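Just so it is clear, the values below take in all heavy atoms, side chains as well, and ignore hydrogens, waters and symmetry mates. The shown structure was predicted, so the numbers you read here are calculated from the model rather than taken from an experiment. Chain A is the first sequence line, chain B the second, and so forth, proteins listed ahead of strands; every chain is numbered from 1.
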Number of protein chains: 2
Amino acid sequence: MFPSRKNVTVADVAALAGVSAGTVSKALNGRGELRQATRDKVLAAAAELGFQPNLLARGLLSGRTYLVGVLTTDSIGRFTIPLLTGAEDALGAGQMSMLLCESRGDPIREQHYLRVLLARRVDGIIVTGRSSDMRPSLGQGFPVPVVYALVQSDDERDLSILHDDENGAELAVRHLLATGRRRIAHITGPLRHVATQHRLAGTLSALSEAGVSMVGGAPLTGEWSEAWGREAALRLVRSGEQFDGVFGASDQIARGVTDGLRESGIDVPRQVGVVGVDNWDVIVEASRPPLTTVDLQLSELGHIAATRLLSAIEGVDIGSGIERVPCRLVVRQSTATD
Amino acid sequence: MFPSRKNVTVADVAALAGVSAGTVSKALNGRGELRQATRDKVLAAAAELGFQPNLLARGLLSGRTYLVGVLTTDSIGRFTIPLLTGAEDALGAGQMSMLLCESRGDPIREQHYLRVLLARRVDGIIVTGRSSDMRPSLGQGFPVPVVYALVQSDDERDLSILHDDENGAELAVRHLLATGRRRIAHITGPLRHVATQHRLAGTLSALSEAGVSMVGGAPLTGEWSEAWGREAALRLVRSGEQFDGVFGASDQIARGVTDGLRESGIDVPRQVGVVGVDNWDVIVEASRPPLTTVDLQLSELGHIAATRLLSAIEGVDIGSGIERVPCRLVVRQSTATD
DNA sequence: CTGATTTGCGGAAACGTTTCCGAAACTGTA
DNA sequence: TACAGTTTCGGAAACGTTTCCGCAAATCAG
């Protein structure tokens, strides 16, 4: 299948075809003025030898490596995976490969990796990581373009592709409203997280659109865990406050809420509808009932980031600042109406 | 920090230092006979210009790229991530970078990626993916070494690094026995999976070591889901059979078991101890109580695979067949004894 | 002070590809 | 047959680095 003889070069092909090295190059790349017969002869020889052009040599000459570096600040995780997949889709079409560097939040490692990527003459760099808040910019004046995906650079001159948490919250709350619920609570993570604030803003905006107010007047803030979701649900029940909808700011919280409600004898979705965020399969499907949730479209996000990077590599000005990718609501049984 | 002037070459450094290109190379790489003064002069010039040797050019000449290709058959997932991290640890020490290719189970894509990796003249290839069963070998006679990690090649001439499911099951069951349980049930996934069979074998071996037999005489087989774990637990309870320990062949199953038992009024761990497999944080920690589980040591596995690959690249014979990495038991409350 | 030996460095070739320029061969016309 | 114009291809240079060989200068012994 793949010939074991190593390092077939353009000279070998040339020798077999009885032409010069330059001619081989032209024939294989469809450039230059060649007779069809010559072209065929070269193609045949190349096929016979299983010739694969050495991309190092090509890159050295052309100044393009068709490599992009992916620098992930945090360890690769559930958020970065779909992003990588989306990026690979976009890059694959451009025949580019991804060089993966995981700096694990260590600035020293990050500097090291950055140096390596530049030494390898990557065509561009995608910076990603855990989506919390901002991260320091790599700086300006790089020899190659840089795009931030999922993480936001603290320098406005950089381009950051982010998901739209506010939009996602609006989708969730509007859906609860559209399924006839009016008394909606919001259970969420630590307020210091930017995501928490955006989701709160979206929740409030969707509620005020409909002219209703949030149950309890404020969100219940805690951790991004099932345990907190359960506890918050129990608190809500014990508070005696009436409610028929809960927007949990993560799938883990929302699943905890469904557990807490069920164990309090409250039926989801008949008495209370629940919506989460993340569309994290293992949580969403194991939840009872399966969760309606907001998909952050991370794969799309990766796709866009890679596409922008490709444009920048081609010399197009891709601007700067923040580009937000809208979310998508995925409806399941936790908000079903009969 | 990183100079924006692009492409500082060895010639630029040579000009600034007032020496020749060859001398620069020798000075920077510590080779050749040079006066200390000259060496210092070159170092200073290189630092001033922010010189980074072009790894393409170096690779072209030396025949080594310090790149390894990572070919993952399945999409990157929860199993492959720790593996990648472990591999990167081992490779990073050798100053190598990872080229990531995700073929998503599509043989066409896989062939394509393989071709690209070879065209880029990677020093070696790690093949990984979802851990189920075997996968077809890439074939023999490659110009670079290949190591399979987490997936097993169907050709014995290849080297496959695998986790040891049988060992993991033994650890789990021995722990249940060591905490005083004698009537142990096994709830697991589809029997056709190799992992299922290995875990069953380990379970039986540990049980027979202790001279006890499996509750029900056979495992309960179903899916790798929480729902199945719950249902199986209910079946066990309804069967009237006495049991005080359950080994669930995945964390999802085990968590389902704890839910099923709790909802049947059975206390975990006081009446029944439960052990899972995977050490999947989000499942294990959200479980009530948190799960004792078997860690598959995937990061270690990746580390070993990369180390073997490095050896092979250095020309060392790394053998073939299967190398199994032992598991590690992580004890939490689901098997606690007062 | 001369000749032999060592030390230090420059020059050129090489890796494999692409591109540019020019030369040869071929075609057509007078 | 001679000449201009085209077509087709070969040769050489270039990308940036490393290595090898050899030459010049410096050192040493006598």
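- Atom CD of B:Glu156 sits in a sparse spot, with 12 or fewer heavy atoms from other residues, nucleotides or ligands closer than 6.0 Å.
- Counting non-hydrogen atoms under 4.0 angstrom, B:Thr9 reaches the backbone sugars and phosphates but no base.
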Next item on the list: Decide yes or no on side chain to side chain contact (heavy atoms under 4.5 Å, CB included) for B:Thr80 and B:Glu102, but give the supporting numbers first.
Entry: CA-CA 11 Å; B:Thr80 20; B:Glu102 190 182 310; over 6 Å; no

Note to self: salt bridge (charged side-chain N to carboxylate O under 4.0 Å, His left out), that's the test. Do B:Arg328 and B:Glu300 meet it? Break it down for me.
What the structure shows: CA-CA 11 Å; B:Arg328 187 172 58 92; B:Glu300 167 104 9; over 6 Å; no

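- In this structure a side-chain-to-backbone donor-acceptor pair under 3.5 Å is missing from A:Arg135 to A:Ser153.
- Backbone-only engagement by B:Val19 is indicated by non-hydrogen atom pairs under 4.0 Å involving sugar-phosphate atoms exclusively.
- Nearest-nucleotide mapping onto DNA chain C: of B:Ser62 and A:Leu28, the residue sitting toward the 5' end is B:Ser62.
- Inter-residue side-chain proximity for A:Thr85 and B:Arg104 is flagged as met; some heavy-atom pair is nearer than 4.5 Å.
- Here chain A contacts DNA chain C (any atom closer than 4.0 Å to a heavy atom, that is under 4.0 Å), and the contacts span C:dG16 to C:dC20 from 5' to 3'.
- Look at A:Thr38 and you'll find a side-chain N or O under 4.0 angstrom from OP1 or OP2 of D:dC9.
- Nearest-nucleotide assignment on DNA chain C puts the 5′-proximal partner with B:Arg35, out of B:Arg35 and B:Ala57.
- To the nearest 0.5 Å, atom CZ of residue B:Arg78 and atom CD1 of residue A:Ile81 are 10.5 Å apart.
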